[in-house]
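Only heavy atoms go into these numbers, but all of them, side chains included; no hydrogens, no water, no symmetry mates. Numbered from 1 within each chain, the chains take letters A, B, ... in sequence-line order.
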Amino acid sequence: MPEAVTKAMPELAEIQTVIDRFARNGMRGALLPLLHALQEEFGFVDPQAVPLIAEALNLSRAEVHGVVSFYPDFREQAPARHVVKLCRAESCQSRGSAAIEAELVRRLGIGMGDARPDGQVALEPIYCLGLCAIGPNALVDERPVAGIDRAAVERIVAEVTA
Amino acid sequence: MTRVFVSRDMASVALGADDLAQAFARAGCEVVRTGGRGLFAIEPLVEVETSEGRIAYGPVGPRDAAAVLDGTHANRVGVTAEHPFFARQQRFTFARCGVIDPLSLADYAEHGGWKGLEAAFRLSPQEVVDAVKASGLRGRGGAGFPTGIKWQTVRDAEADEKFIVCNADEGDSGTFADRMLMEGDPYCLIEGMAIAGHAVGAGHGYIYIRSEYPFAVRTMRDAVARSAGRIAPFTLEVRVGAGAYVCGEETALLDSIEGKRGQVRAKPPLPAIEGLFGKPTVINNVLSLAAVPFILSEGAEAYAEVGFGRSRGTMPVQIAGNVRNGGLCEIGFGVTLGELVNEIGGGTASGRPVRAVQVGGPLGAYFPPAMFHLPFDYEAFAAAGGLIGHAGITVFDDTVDMARMARFAMEFCAVESCGKCTPCRIGSTRGVELIDRIVAGAPRGAGMLEIMPQMRNARTAARTQDEEIALLRDLCDTMKFGSLCALGGFTPYPVLSALDHFPEDFGGASALPEAAE
Amino acid sequence: MTFTREKDFGTPEAMGAAVSLTIDGQEVSVPAGTSIMRAAAMVDTAIPKLCATDSLESFGSCRLCLVEVEGRSGYPASCTTPVAPGMAVRTQSDRLRKLRRGVMELYISDHPLDCLTCGANGDCELQDMAGAVGLRDVRFGYEGENHLEGCKDESNPYFTFDPTKCIVCSRCVRACDETQGTLALTVDGRGFASGISASQDESFLSSECVSCGACVQACPTSALIEKTVIEIGTPDRAVVTTCAYCGVGCTFRAEMRGEELVRMVPWKEGKANHGHSCVKGRFAWGYAQHRDRILNPMMRGSVDEPWREVSWEAAIARVASEFRRLQKEHGARAIGGITSSRCTNEETFLVQKLVRQGFGNNNVDTCARVCHSPTGYGLKTTFGTSAGTQDFDSVRHADVILVIGANPTDGHPVFASRMKKRLREGAKLIVVDPRRIDMVRSPHIEAAFHLPLRPGTNVAVLTAMAHVIVTEGLVNETYVRERCDTDAYAEWAEFVSEPARSPEAVEDLTGVPAADLRAAARLYATGGNAAIYYGLGVTEHSQGSSTVMAIANLAMATGNVGKDGVGVNPLRGQNNVQGACDMGSFPHELSGYRHVSDSAARSLFERDWGVSLDPEPGLRIPNMLDAATDGAFKGIFIQGEDILQSDPNTTHVAAGLAAMECVVVQDLFLNETANYAHVFLPGSTFLEKDGTFTNAERRIQRVRKVMEPKNGYADWEVVQLVAHAMGLDWNYTHPSQIMDEIARLTPTFAGVNYAVLDQRGSLQWPVNAAAPEGTPTMHIDHFVRGKGNFVVTDYVPTDERTGPRFPLLLTTGRILSQYNVGAQTRRTANVEWHEEDRLEIHPHDAENRGIRDGNWVSLRSRAGETTLRAKITDRVAPGVVYTTFHHPDTQANVITTDFSDWATNCPEYKVTAVQVMPSNGPSDWQRSYRAQAEASRRIEPAEPAE
Amino acid sequence: MMSNDQRLVHMAGQILRNFAAQGREEAIAATAEHLTLFWAPRMKARAIAMLEEPGAELPEEVRAAFAALRHPA
């Protein structure tokens, strides 16, 4: 937990350091790249960062908030330590992803879209990884995994709950 | 030292190609990481350089290195290009993909790279536009709008600044051609964009890639950096999406690059007149831009020669879902749906009968095998109530529940709706609720409000299943003709096609008896 | 006037060449670029719509306005589809009915069904459209997923936000973006979960919202609605009138229910505001009904006594007899009057007429003395007339905008929104201001240059800009040769070219980096149409008049006078500053800026009024106060002005007033000046009378009586009563007759009368035979004075100097939510945004003094001392402090000195050497002042009726 | 705090300084004209009176400007 706690409250000064990189380079339409950078650095976009971003890019806070809340990738809270993103799109469904989803939900003890209260693991939906003939597919902590069967579910669960 | 080739494509890696590559390296081979060949049934695949050419083995695992190297492995495919899956193909755009090291500028040049750009530089910008027009190339993103005409509009627009934007936000399930090209032959896309820049007078380009494609993002970034000198003064930048499917819609994509909410803009103005940052902008799909170097280097006629009707050239068709030989098949327009699914695709992976195929991603129609005679062509599919879209075909066997797929279409629309227009924003959610009731065979009774005596105008009788289905059709009508963009506008395709072709899955909707009372 | 809603064409006006098409078979010709929706509205074919409104760019989200176009597939949205030649449009068909009904069915499936008890009942576009499309059944029912759980946000004092009523049309968001330019609103989330969010999903009050009301006006439902509409009900009649706050001069529809004002809605036809408003005009009108308003005349023997309510007759009789007595005892010139920039032209004209005709002297002055008198002097000297050169619309064509000594987002917010819109379109901005005002940098606005000069060095900076323009060969020589006095130009050019005027030479003095100054000058001279907008940061200096002339010099040298998109534009502080000056309120000028020594002009009046007029200039306000302390000036009539709070060096003003024998104050409230008054005459608000105001663009606009005067008389009637009591034969029964007299006696107003104003909405003077429709842009072919006059503007430093005792420079300004001395706005909920004046101080200066944010500090100058709380900010440079002057408790003018503009005596409010130290609370002066003010506000009720 | 007389002298001096760039004689003439146009009779009368008062401290140019004033009516 200590790590998660520090991650949960990135110092504003650290946030500012990341923001400054973008504010200085004069990139046009820098908001998404900046949000990605913050998320890469801290795991999420702290709402406290929004006024700083707005100031740096000369936007209103409302605009930044509107953008953060629009895109599913941007989180406003620290993520779980492990994230399993399971594809829910048609091609994976045609290859039995619904059953795999049910199995993962059962084995992890959390619903689709939820995180375990201890912050250990989250199960998130994703719509297509472009691996559509070899599903069901997932990203396990950003690593692509194809052809997930029950045995693969066991391996994934073991990995993310360890 | 033996040279072997192992793909670094995300699909190959997901199937274990990294371990395979390491095993061959440990076995003392020089391992070249290429793009994906495009047939997943033989992945993980290794190709060994021999005097007869590259001999492929697959699928193989890390423990198979020795057997592969001594030629005894059972899964010997032989000369890759001679495999029946590849033999039928006409690889104009994907000629290099799977063959070369995607980031090697030397490889690219050796395999015909930059010839298109050089040819373009020898021509006037207008001549380049004319060549693209003559090729008959149509936008590969789905709408099929002639690329040359779009370029002409941008070229003719007066502005201090213009842009080339590559739409690499390929989010349709069942499609992966953009991803494969970016991971397997990134310079081809870069070359196409540089040609476009020359043709219309644009100095800067953006490649907007969805965040679900981390491999493509890395490869493209690397390739853009390495090729900067080659395409100068034209410059390129990679931008990464953030999980919003709707940003595949071109105007939403432009807003997203501008750092805004990815909401769809009303047209006009067309992006070609007022696009990115309000400037004239060519926005093309990856495959459209990647087709351009071939057109310039080999000539417009060579491209236009292939095809069917008004659909000229080749289409990288992606065969996906429950299919034996899933993969990428670049082929001239006109091949039938049945040939693609059964002959090239080899039928279902499960071995069960094919019940339905969805063509064109989540917004595409479901077709039963009875319609497999349809030729792959923009007009033919439109006439049949469907669309080619990005040419992805997702195969389902007979275990599929089509009402569930219709519901999923509405659900997907609800999840991904940008929320701007009413039919999509509210309609998709109502659609999910409605299909749930239909599937449950539980038409809506009067609600708490409606039965209040104050609500004199409200109907108090329960609805019938027929009425609920009629309402679903009306809702689809409202969405199809009322929505601002294709997300809301095309969601009715899968819903209505499921309803039309598979009525039995909607709780006896095919033969509705009159209500008993 | 009965209540009719303004017609909404759905999309903004287009400007292209004519295009002909048919709509439902009806031929129509409209400008290219017009939407089908607007074209249809022009022939009174209403196409259903919800997200479209003609104040905003088309958006295309509601999908109700679908139409059929012959030869096109599908159903294009009529709001986003432009007309094309020969197009045949159908707006009604069975298909369209079905589609529109389908959309409406979706809307209503997620909307509360409480129309009859909803504040917008009868004024709700959703309700109207449900009717228009014939919705009869919501087949989805009402129990699907919905937004009915949303919480109402009542944080804003003037309007509520109820998300359950929201249809996510984004009109509010777009209004905030496009019209207001604050971008405080956004859509939160997406898809079905989309909702409107103020800033980061905050309450409206804590968000970036500036409460301009544009969102409320744009909202088609009751999601955003005025609290007064909820409380009082929907209006039943509307009267178009003009705002009585700043010099922008917004026109509003005062929407009434019976005799009660329900709301003020900016009028789309208003030429100054084009349907936009700010928090003051839109919402802060409650002072008109405030319990502090004095509605009965009052008198007292001495200022130590309590007030006694008396009859109008008694009060007027006392005024007349006292004034006559004083003149008899101390001479005709021993009394005078002060007109108000808040009153109408007609009222102002009457006050100066009372002084000139009735008092027989020229001792009349106006509050413009303390704000824009240098504009009058400077522009008259250089161009030939005392007014700005452009209309506000001109800013649409500006490529470079130079803002100097003005804070438009706070002082002139509605015009600031126009300016910001132009800047977002790409115009370049130069800001010359000691303080980093919002225009320097705020969302989507960024000045190309901010020259943060030391207060008091305007002339040096502007002359250095001229130096760059002349020495770098950037002068528009053709323009100068053809339009200006070339001898004067040559002299000026030689003067500014001297090395001592270069940016480098004055860098230490002004604090402006020479390189920035040079670049800014080049941009101004070469960036296309360049327009200068300035405010009191220019005029309220000991070099105010020189600065105005330096500005005029720059504009002439670069050819930036006499066409659209350029010019020299004073942003007037109060609603009728321009008008008050036009009406002859200055002691040296008759109406229309004719000097009293001009016998031809004088004789016009003399014939009309039947008296002979004094050819010698009268006393200015500060001169009156000086004369009073000398015992030579004994009585004064002050209408709608609070000189004790608004004029500099409060103790000196107090001494002057205290020395007079008859101080008559007419005002809405017992203001600070009334502490020294002997007779108090209640005033009427702008809602209670007819008349005209003239805004900063010389635009004469009607003020219309919305309700009867609560005090019984409009101010012009009161002045007439005084005139009668002094024996003058005035017979006005309506202000229009006063305007007729003004027109008769003032060449620039010759063509102005109420009939024309009612017909045309407004007129910009000059209005005469040569320009019967008025004059939006002045000096087009030649300057009013003939050739443009370049004036050498030597930089003469102020006598106010910093030193060891007073090391900091204080400058003052205002804030968006408050207005002037706050008499009106402090009596509204606007205090929620600004409940006290604070002293802005740079972190370094605060650190040196051990001051922390929010601490009480004493602010001391050679003139006096006050206390207030500190706000630590780097908006001000080190060495500079800043405060507002809206609250009498602070009395910032206790601090300001009596230094003033050399040419006009406009006080030097903007430069005072001060010291700031930590403090425990109010100064002695504040304590004693408060006690005295309280004592002097005691009122004894009227004698029991006999 | 200045006395009213001092203030008159101060104001005149300020006007003179602002015209000073035109040269001494022109500045005095321009100042006199300015006072004629903008000062009330009482102020002008006081200025002229000061010329005769031995105690009045008048800088040379101010004195010259005052001397150029005509007695108002």
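Neither the backbone nor the side chain of Met479(B) has a heavy atom closer than 4.5 Å to any heavy atom of chain C. With a threshold of 4.5 angstrom between heavy atoms, Ala446(B) does not approach chain C through any atom at all. Looking at Leu434(B), only its side chain comes within 4.5 Å of chain C, counting heavy atoms on both sides.
Smallest separation of non-hydrogen atoms from Glu450(B) and Val138(C): OE2-O, 4.4 Å. Taking every heavy atom of both residues into account, Leu113(C) and Met455(B) meet most closely at CD1-CE, 4.0 Å. For the pair Asp137(C) and Arg463(B), the tightest heavy-atom approach, listed with the atom from each and the gap, is OD2-NH1, 3.0 Å.
Ranked by non-hydrogen atom pairs under 4.5 Å with chain C, the options Val264(B), Asn457(B), Leu475(B) are led by Leu475(B). Among Gly489(B), Ser483(B), Cys413(B), the residue making the largest number of heavy-atom pairs under 4.5 Å with chain C is Ser483(B).
Counting heavy atoms from C-beta outward, Leu484(B) and Arg63(C) have side chains that approach closer than 4.5 Å.
Dense packing is recorded around CZ of Arg437(B), with more than 12 heavy atoms of other residues, nucleotides or ligands lying under 6.0 Å away.
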CA sep, side-chain torsions, deciding dist, call: Arg261(B), Thr186(C), side-chain contact (heavy atoms from CB on, under 4.5 Å) = CA-CA 10 Å; Arg261(B) 295 165 56 81; Thr186(C) 186; 3.9 Å; yes
request  = Show your working on side-chain contact (heavy atoms from CB on, under 4.5 Å) between Asp474(B) and Arg139(C) and close with a plain yes or no.
outcome  = CA-CA 11 Å; Asp474(B) 279 355; Arg139(C) 293 170 290 169; 2.8 Å; yes
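The residue from Lys420(B), Glu416(B), Arg425(B) that alone fulfils the side-chain contact (heavy atoms from CB on, under 4.5 Å) condition with Arg190(C) is Glu416(B).
The stretch residues 426-433 of chain B places Ile426(B), Gly427(B), Thr429(B), Arg430(B), Glu433(B) near chain C, each with some heavy atom under 4.5 Å from a heavy atom of that chain. Residues of residues 93-102 of chain C having a heavy atom under 4.5 Å from any heavy atom of chain B, listed by number: Arg95(C), Lys98(C), Leu99(C), Gly102(C).
Considering only residues two or more places apart in sequence or on other chains, Thr34(C) meets the side-chain hydrogen bond (donor to acceptor under 3.5 Å, both in side chains) condition with none of them. Partners of His204(B) under the ring-ring contact (aromatic ring centres under 6.0 Å, His included) rule, at least two apart in sequence or in another chain, are Tyr206(B).
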